[in-house]
Visitor: 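Encoded as structure tokens, here's the structure I'll be asking about.
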Amino acid sequence: MRYWLMKTEPGVYGIDDLERDGVSPWEGVRNYQARNLLRDEIAEGDEVLIYHSNVQPPAVVGIGRVIRAGYPDVCAWEPGHKYYDRRSTPENPVWYRVDVAFVERLARPVTLPQMKADPALAGMMVIRKGARLSVQPVAEDHFQHIRRLGSEG
DNA sequence: GCCAACGTTGGC
DNA sequence: GCCAACGTTGGC
């Protein structure tokens with residue numbers, strides 16, 4: 001089992017939406033490095049830190065679980081769709097997505113400043129300046145540490 | 001709103 | 001294949 005962090009803007013699709021929906025395709029990722037993770041690395045059963053970006057403060061706000069491994073992002077095939085990309089076809093998909101299920105909301109969001117200040121999280125990708133990758137691998141001990149921080153009062 | 005850090009595009 | 005110009009992400 002592996003662990004990941006997925007960024008999302010709460011104004012677009014946040015933890016509230018995932019809780020309401022129960023399950024959601026993680027669609028619209030249009031970066032090749034992230035695509036490769038979605039297509040090749042992320043497996044059913046893997047756990048995910050749900051991270052809100054572009055808000056103050058940025059924070060891990062919940063936990064999700066991958067319930068379907070990488071499959072083509074069909075949004076890319078629909079002309080007029082926000083995530084349409086004519087280069088991607090059913091015969092040769094360019095973009096991929098996974099399905100993520102809501103697991104829990106952290107009682108306390110773990111904020112980016114908090115993560116940066118925590119020696120136990122040293123080296124984590126998300127705290128690196130300029131780390132724009134929207135799907136990131138997370139070390140197991142980092143994942144568990146954040147989960148623990150988020151469940152404390 | 002600013003801008004650093006990337007990623008992508010396209011001329012050559 | 002290089003690299004300048006441009007676009008985007010996302011913290012601040």
Side-chain angles (χ1 to χ4, degrees), chain A residues 2-21 24-42 46-64 66 69-100 102-139 141-150 152:
Chain A
R2 296 171 74 183
Y3 302 90
W4 310 93
L5 178 145
M6 295 185 187
K7 296 182 186 174
T8 188
E9 298 186 30
V12 177
Y13 192 90
I15 192 72
D16 291 345
D17 302 292
L18 185 59
E19 183 169 25
R20 181 196 63 226
D21 295 342
S24 177
W26 213 261
E27 66 192 18
V29 175
R30 296 290 178 268
N31 168 281
Y32 286 101
Q33 210 178 331
R35 186 281 308 270
N36 292 345
L37 296 176
L38 291 169
R39 187 188 60 191
D40 306 329
E41 303 291 334
I42 301 178
D46 286 358
E47 291 193 301
V48 180
L49 300 173
I50 307 295
Y51 177 87
H52 280 176
S53 66
N54 252 315
V55 287
Q56 190 50 245
V60 175
V61 294
I63 308 289
V66 176
Y71 63 101
D73 187 351
V74 300
C75 294
W77 305 337
E78 299 171 18
H81 195 283
K82 178 183 176 186
Y83 298 126
Y84 177 68
D85 184 343
R86 56 171 295 133
R87 295 173 300 166
S88 188
T89 64
E91 294 72 31
N92 279 314
V94 175
W95 303 114
Y96 281 72
R97 69 196 201 186
V98 300
D99 288 351
V100 176
F102 176 84
V103 172
E104 67 183 21
R105 181 187 294 268
L106 295 185
R108 288 209 139 197
V110 179
T111 70
L112 182 61
Q114 188 182 351
M115 290 191 279
K116 284 181 170 174
D118 192 334
L121 298 177
M124 205 180 163
M125 190 180 289
V126 75
I127 65 179
R128 226 184 54 221
K129 184 179 166 81
R132 302 194 314 183
L133 196 60
S134 64
V135 176
Q136 306 179 357
V138 174
D141 58 331
H142 290 167
F143 182 94
Q144 302 299 356
H145 186 72
I146 288 169
R147 189 172 209 170
R148 203 156 42 237
L149 290 174
E152 285 167 1

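Residue numbering restarts at 1 for every chain, and letters A, B, ... go by the order of the sequence lines. Note that these values count all heavy atoms, side chains included, but never hydrogens, waters or copies made by symmetry.
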Visitor: Going by ring-ring contact (aromatic ring centres under 6.0 Å, His included), name the residues that satisfy it together with A:F102, two or more places apart in sequence or in a different chain.
Guide: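 In terms of ring-ring contact (aromatic ring centres under 6.0 Å, His included), with neighbours along the sequence ignored, A:F102 is linked to no residue.
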Visitor: Send over the distance from A:H52 NE2 to C:dG11 P, rounded to a whole Å.
Guide: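 For the pair A:H52 NE2 and C:dG11 P, the rounded distance is 12 Å.
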Visitor: How does protein contact run along nucleotides 2-8 of chain B, one letter per nucleotide 5' to 3', with B for base contact, S for sugar-phosphate only, - for none, heavy atoms under 4.0 Å?
Guide: --SBBSS
Visitor: Look at the side-chain N and O atoms of A:K7 and state whether any lies under 4.0 Å from the OP1 or OP2 oxygen of C:dT9.
Guide: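 False: A:K7 side-chain N/O out of range (4.0 Å or more) of C:dT9 OP1/OP2.
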Visitor: Go through residues 117-125 of chain A and report each residue with a non-hydrogen atom lying under 4.0 Å from DNA chain B, sorted by number.
Guide: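 Contacts with DNA chain B under 4.0 Å: none.
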Visitor: So if I take the C1' atoms of five pairs at each end of the helix from B:dG1-C:dC12 to B:dC12-C:dG1 and get each local axis, what angle do the two axes make, rounded to 10 degrees?
Guide: 10°
Visitor: In whole Å, I'd like the distance from the CD atom of A:Q136 to the C1' atom of C:dG10.
Guide: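 Atom CD in A:Q136 sits about 12 Å away from atom C1' in C:dG10.
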Visitor: Filter on side chain to side chain donor-acceptor pair (under 3.5 Å), then keep only pairs touching residues 51-60 of chain A, sequence neighbours left out; what's left?
Guide: A:E9-A:N54
Visitor: In whole angstrom, give the distance that lies between atom OH of A:Y51 and atom P of C:dT9.
Guide: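 In whole Å, C:dT9 P lies 15 Å from A:Y51 OH.
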Visitor: Would you kindly give the CD1-to-P distance between A:I127 and C:dG11, to the nearest whole Å?
Guide: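 Spelled out: CD1 on A:I127 to P on C:dG11 is 13 Å.
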Visitor: Can you find a side chain N or O atom of A:K116 that sits less than 4.0 Å from OP1 or OP2 on C:dC12?
Guide: yes
Visitor: Indicate, with yes or no, if the rings of A:W77 and A:Y83 have centres closer together than 6.0 Å.
Guide: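 Centroid distance A:W77-A:Y83: not below 6.0 Å, so no.
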Visitor: Please identify each residue that fulfils side-chain hydrogen bond (donor to acceptor under 3.5 Å, both in side chains) with A:R30, with sequence neighbours left out.
Guide: A:D73
Visitor: Can you name the side-chain hydrogen bond (donor to acceptor under 3.5 Å, both in side chains) partners of A:E78, sequence neighbours left out?
Guide: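 Residues passing side-chain hydrogen bond (donor to acceptor under 3.5 Å, both in side chains) with A:E78: none at all.
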Visitor: Could you tabulate the donor-acceptor pairs under 3.5 Å formed by side-chain atoms of residues 110-122 of chain A, not counting sequence neighbours?
Guide:
residue, atom, partner, partner atom, Å
A:T111, OG1, A:Q114, N, 3.2
A:Q114, OE1, A:T111, N, 3.2
A:D118, OD1, A:A120, N, 2.9
A:D118, OD2, A:H145, NE2, 2.6

Visitor: So, using salt bridge (charged side-chain N to carboxylate O under 4.0 Å, His left out) as the criterion, who are the partners of A:E27 when residues are at least two apart?
Guide: A:R97
Visitor: Between C:dG10, C:dC12, B:dT9, which nucleotide gets closest to the side-chain atoms of A:R87?
Guide: B:dT9
Visitor: I'd like to check the salt bridge (charged side-chain N to carboxylate O under 4.0 Å, His left out) partners of A:D141; sequence neighbours left out, ordered by chain and number.
Guide: none
Visitor: Pairs under 3.5 angstrom only: tabulate donor-acceptor contacts from the side chains of residues 126-133 of chain A to other protein residues two or more places apart or in another chain.
Guide:
none

Visitor: Can you list everything that forms a ring-ring contact (aromatic ring centres under 6.0 Å, His included) with A:W4? Sequence neighbours excluded, please.
Guide: none
Visitor: Hey, are A:Y71 and A:D99 close enough side-chain-wise for a donor-acceptor pair under 3.5 Å?
Guide: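 Their side chains do contain a donor-acceptor pair, which is all the 3.5 Å distance test asks for.
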Visitor: Just how far, in rounded Å, is P of C:dG10 from CD of A:E9?
Guide: 7 Å
Visitor: Given atom CE of A:M115 and atom P of C:dG10, what is their separation to the nearest angstrom?
Guide: 13 Å
